[in-house]
Amino acid sequence: MPEDKKKENKGVQAIVHLFTAAGGGILCVIALLWIMAFSLYSGVIPAGYLSLCPYLAVGLGGILCGLLSVRFPKRLYGALGSAALMVLFFALVGMLLPSAAFHLPSGALVLVIALFCSALSSVILSLFR
């Protein structure tokens, strides 16, 4: 019986770590999009960079997902899963609210950027462990 509880607790902890890492990435992307929107509005960032801002925010959010997945039993899988969960959240927001400020264009490219950045940060983090 105690072994079953340990396995059950490990699964629950892994899911909690997955959602924590994805939540951190989501909050990072939202904060970066707000900062970039304010910077574009005030003229700090030139208007020509408008199309790069969402991709940069998702990439940095993916890096944070990779860093926050350090407590996951399999770090790389945790990083990829949390980044995919983060992109899924933004895709659902974009589908439910097409006029939302967080609607990100080119969903496949956004997914590739997030997965690549999270995997890269997870691998780099495990190299320096």
Side-chain angles (χ1 to χ4, degrees):
M1 256 330 206
E3 291 176 11
D4 291 336
K5 270 199 164 188
K6 267 188 176 179
K7 286 182 184 178
E8 182 179 314
N9 286 340
K10 277 188 175 185
V12 170
Q13 286 178 351
I15 290 173
V16 167
H17 293 313
L18 181 76
F19 278 100
T20 303
I26 289 168
L27 291 177
C28 177
V29 170
I30 290 172
L32 285 172
L33 285 175
W34 279 344
I35 290 169
M36 289 178 186
F38 180 73
S39 299
L40 282 166
Y41 179 73
S42 63
V44 175
I45 299 174
Y49 294 107
L50 177 65
S51 63
L52 295 178
C53 288
Y55 300 117
L56 181 64
V58 168
L60 291 174
I63 288 173
L64 188 64
C65 282
L67 294 176
L68 291 177
S69 67
V70 70
R71 296 192 58 157
F72 204 82
K74 305 275 185 183
R75 280 182 211 89
L76 183 61
Y77 295 142
L80 293 175
S82 62
L85 195 60
M86 177 186 72
V87 172
L88 179 68
F89 171 79
F90 285 114
L92 290 175
V93 168
M95 282 191 292
L96 294 176
L97 306 168
S99 63
F102 310 121
H103 179 69
L104 299 175
S106 306
L109 182 61
V110 168
L111 181 64
V112 168
I113 289 171
L115 291 177
F116 177 76
C117 290
S118 66
L120 185 67
S121 67
S122 175
V123 167
I124 289 174
L125 187 67
S126 28
L127 287 177
F128 292 109
R129 229 178 142 214

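Model, not experiment: these values are computed from the prediction.
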Exercise. Return the minimal non-hydrogen interatomic distance between Y77 and F72, and the atom names on each side.
Key: C-CE2, 4.4 Å
Practice problem: Please examine the side chains of C53 and L40, heavy atoms only from C-beta on, and report whether any two atoms are closer than 4.5 Å. | Solution: yes
Quiz item: Do Y41 and W34 share a hydrophobic cluster, counting only Ile, Leu, Val, Met, Phe, Trp and Tyr and linking them when any side-chain heavy atoms are less than 4.5 Å apart?
Solution: no
Practice problem: List for me each residue that meets side-chain contact (heavy atoms from CB on, under 4.5 Å) alongside A84, sequence neighbours excluded, and say none if there are none. | Solution: L115
Quiz item: Are F90 and Y55 in one and the same hydrophobic cluster, where Ile, Leu, Val, Met, Phe, Trp and Tyr link if side-chain heavy atoms are under 4.5 Å apart?
Solution: yes
Contacts table for residues 17-33: side-chain donor-acceptor under 3.5 angstrom, sequence neighbours left out:
unit_1, atom_1, unit_2, atom_2, d
T20, OG1, V16, O, 2.6

Self-check item: Shared hydrophobic cluster for I15 and V70 (ILVMFWY, side-chain gaps under 4.5 Å)
Solution: no
Quiz item: Do V110 and Y49 belong together in a cluster built from hydrophobic side chains that touch within less than 4.5 Å?
Solution: no
Quiz prompt | Point-to-point distance, once rounded to the nearest 0.5 Å, from CG of L60 to CD1 of I113 | solution = 11.0 Å
Quiz item: When you measure from the side chain of S121 to the backbone N and O of I63, does any donor-acceptor pair fall under 3.5 Å?
Solution: yes
Quiz item: Partners of A114 by side-chain contact (heavy atoms from CB on, under 4.5 Å), sequence neighbours excluded?
Solution: V58, A83, M86, V87
Quiz item: With respect to C65, which candidate in S82, S122, C117 satisfies the side-chain contact (heavy atoms from CB on, under 4.5 Å) definition?
Solution: S82
Quiz item: How close do M36 and A57 get, heavy atom to heavy atom, and via which atoms?
Solution: CE-N, 4.2 Å
Quiz item: Transitively linked via ILVMFWY side-chain contacts under 4.5 Å: L52 with L111?
Solution: no
